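As structure tokens, the structure follows; a few thoughts come after it.
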Amino acid sequence: MCFLFVECPRVIALRELLSNRIADALRAIGAEGDVQIAPAQDEKFGDYQCNAAMAIAKKQGKKPRDVAQSIVEQLRIDDMCELPEIAGPGFINLRLKPGFLAKTLMDVPAQAVEDNDRLGLPLAVTQETIVIDLSSPNLAKEMHVGHLRSTVIGDCIARVLEFEGHNVIRENHVGDWGTQFGMLVAHLRRIKPDVADNPASLVIKDLETFYIEAKARFDADDEFKTEARETVVALQRGDPLIRKIWQAFCNESLRHCHEIYRQLNVRLVDRGESFYNDLMDDVIRRLERLQRENPGGAVRESEGALCIFLDGFTTREGQPLPMIVRKTDGGYNYATSDLATIVDRVERLHANRIIYVVGMSQKQHFEMLFAAAHKVGIAGANIAMEHVGFGNVLAPGGRPFKTREGGTIKLKDLLNEAVDRARRVIDQPPTDDSKRPTDLALSEKDSIAEAVGLGAIKYFDLSHSLMSDYTFDLEIMLSLEGNTAPYMLYAYARIRSIARKAGASPDARLTEAAIALEHPTEIALAKKILQFADVLQTVSRDLRPNVLTDYLFELAKAFSRFYDKKIGVRVIDATPESIRSSRLRLCDLTARVLKLGLHLLGIETIEQM
RNA sequence: GCGCUCGUAGCUCAAUUGGAUAGAGUACCUGGCUUCGAACCAGGGGGUUGCAGGUUCGAGUCCUGCCGAGCGCACCA
């Protein structure tokens, strides 16, 4: 049962450990509250700093430095840190002892369980059921760049929360309903009259072209226009033939999507809007009941539409802005279906937390949606709903991401171009002073190009803060220098090469190797490795992937310094053997953190490149 | 017009959400491998954080006003 948990020492986040000690000290001086611990910005201030003294001093009317002094006197951390120093207005600077770092690193299980390396990190204390709404393409068209961020960011967040042991359900809320599907089904029926007889054999090579043709016919041909409208009605009514054709089209469109998901290595569960048709009726019934019970309440009709009125939202004219859940014509809209998804996720999936990974432009919609769901009782106060918004992907030159003709650039084409260009980068001959492998087989080169190209796109996306827009630039993404996937993958491959060179199965030999930290670059690397737990906590709390990319980049740099000929240390030929094995174990730990960190970003490492 | 987001080194971006002298990368300059992968490392120059006030021990971050960009503002999703 829980053998492993008892047997394996847990690697607790350093920040959390220090936090607890400081909390004890604050309690001892009668000043419970925020411990205000943060990593130090400059190495000369130590590793962590506690900024609680200033706030406490203000509250108690004392001098900050005096308060800092009394905190330090109560602080029991000599097993972890050097003597704390008080600096500036009342900062308490903490510097970790090398011996403590070494001991903690040795707590990381030396032998990684194959493909399930947790590096000794514990699971979250309380495990939740979390639904993540991501990707969400419209099946009427081909996926384009606009879907990249939601897919990649959503997948990363899902991976991090899964790693913490949460039950994560990734839902792909695909658009498979609405008037345009009438048009598409009618068009499909005309060009492939026999599609209903053999729906499985349907192949649409280019969805974008298909849509454009259907639209052109719709605009030019009044007879077809009528037919399209009748088709929508038939679809909604549940006409078996039309349903069959519609299903065939959706399946074919989903097949296109899943080619991309497979390439990106993203798993998710498709859940079409149509799935919620019945639930939307149910949602409306619930709202109508609220309307009857409380006629002047938040749920009421306005201009013929059923609405939910919420505080704090106004229209262009300054009037209260309602959330319309049933249009004047009796139809539903996306507010209705979004409320239905919440009902489904809360009542069927038992979610305690729902995360929507959708662009920033939808911010107001989600604010209203969450407020409405709470207001009408679809989501209780215990259900956390969050919108993870993000900025746009811009085209290299100027602004919108379009072809010269104003058309959409397919995501598929973008991914393939990245892989092609990665291949060209890899094919560059090694420079005179490089030890890069020259004997890679063609098939290896293909898979390396795939990993590098797709990793480059993902990493570039995830390494930007969510709020900001970014410019899609393959040149920068595929650069081997700087905070890019190629650099990170190279760093990993280089370390793995060291391990290979050091011995046939270094992992096995190093299981019990003691770690001794002496050299500044060794200590710095050890600290970086141990910060991983802090970083994961921050990423899962704030849902900000770029915190993880920044950390991994710093880790890679710390390793490069450690391994540098000038300022670093010898590893493979280090003596005595105890030093050599200690350093090899540091290499191994670095590689494992890089591998796990990149994996949580959705990027798989390669052993050579 | 109202609301939201943003404005940081020549360029691309950070800044652990109020902490110390605002950091990386890139580009430019300088130095470093006769055995560990130099696709690397070290050093240098480069800033009035759009502008002006305010809040406090402390502001890129918070509040106000202005300038500029983007997005959203009743039945499309």
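Below, chains carry the letters A, B, ... as their sequence lines are ordered, and counting in each starts from 1. FYI, side chains are in, hydrogens and waters are out, and symmetry mates aren't considered; it's all heavy atoms of this structure. Computed from a predicted model, the values in this text were never measured in an experiment.
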Inset, instruction - Using only side-chain N and O atoms of Lys58(A), determine if any of them is under 4.0 Å from OP1 or OP2 of U56(B). - result: no

Legend entry - Residue-phosphate contact under 4.0 Å: Ser560(A) side-chain N/O, G37(B) OP1/OP2: no

Inset, instruction - Determine, answering yes or no, if Phe553(A) is stacked on A24(B) under the 5.5 Å centre rule and the 30° plane rule. - result: no

Inset, instruction - Could you tell me whether U48(B) is syn or anti, where syn means a glycosidic angle within 90 degrees of zero? - result: anti

Inset, instruction - Taking atom C1' in both U26(B) and A14(B), compute the distance separating them and give it to the nearest angstrom. - result: 14 Å

Inset, instruction - Answer yes or no: does a side-chain N or O of Tyr487(A) lie under 4.0 Å from OP1 or OP2 of U26(B)? - result: no

Inset, instruction - Return the stacking result for G37(B) and Tyr490(A): yes when the ring centres lie under 5.5 Å apart and the planes under 30°, no otherwise. - result: no

Inset, instruction - Kindly state whether the ring of Tyr470(A) and the ring of His464(A) have centres lying under 6.0 angstrom apart. - result: yes

Inset, instruction - Counting heavy atoms from C-beta on, name the nucleotide in C57(B), A42(B), C73(B) closest to the side chain of Arg316(A). - result: C73(B)

Legend entry - Per Leu321(A) side chain, nearest of listed nucleotides C73(B), C41(B), A20(B): C73(B)

Inset, instruction - Ignoring backbone atoms, establish whether Thr538(A) has a side-chain N or O less than 4.0 Å from OP1 or OP2 of U16(B). - result: no

Legend entry - N or O in side chain of Arg494(A) less than 4.0 angstrom from C36(B) OP1/OP2: no

Inset, instruction - Map every base of RNA chain B to its dot-bracket character, where paired means a Watson-Crick or G-U wobble contact with both distances under 3.5 Å and | marks a partner outside the strand. - result: (((((.(..((((.....[...)))).(((((.......))))).....(((((..]....)))))).)))))....

Inset, instruction - Rounded to the nearest angstrom, tell me the gap between atom CD in Glu481(A) and atom P in C28(B). - result: 10 Å

Legend entry - Ring-face cation contact, Tyr48(A) with Arg15(A), 6.0 Å cut, 45° max: no

Legend entry - Closest nucleotide among C36(B), C6(B), A20(B) to the Ala87(A) side chain: A20(B)

Legend entry - Listed nucleotide nearest any side-chain atom of Pro437(A), set G37(B), A74(B), A15(B): G37(B)

Inset, instruction - Could you tell me whether Glu288(A) and Arg326(A) have a side-chain N and a carboxylate O separated by less than 4.0 Å? - result: yes

Legend entry - Distance test, side-chain N/O of Asn546(A) to OP1/OP2 of A15(B), below 4.0 Å: yes

Inset, instruction - Return no unless some side-chain N or O of Arg561(A) is found under 4.0 Å from OP1 or OP2 of A42(B). - result: yes

Legend entry - Whole-Å P distance, C13(B) and G7(B): 11 Å

Inset, instruction - Using only side-chain N and O atoms of Lys363(A), determine if any of them is under 4.0 Å from OP1 or OP2 of C71(B). - result: no

Inset, instruction - Give a yes/no on whether any side-chain N or O of Lys501(A) is located under 4.0 angstrom from OP1 or OP2 of G37(B). - result: yes

Legend entry - Interatomic distance where CE belongs to Met368(A) and P belongs to A77(B) [whole Å]: 15 Å

Legend entry - Charged N-O contact under 4.0 Å between Arg570(A) and Asp573(A): yes

Legend entry - Charged N-O contact under 4.0 Å between Glu475(A) and Arg421(A): yes

Legend entry - Donor-acceptor pair under 3.5 Å, Asn333(A) side chain vs A74(B) base: no

Legend entry - Under 4.0 angstrom between Gln41(A) side-chain N/O and A20(B) OP1 or OP2: yes

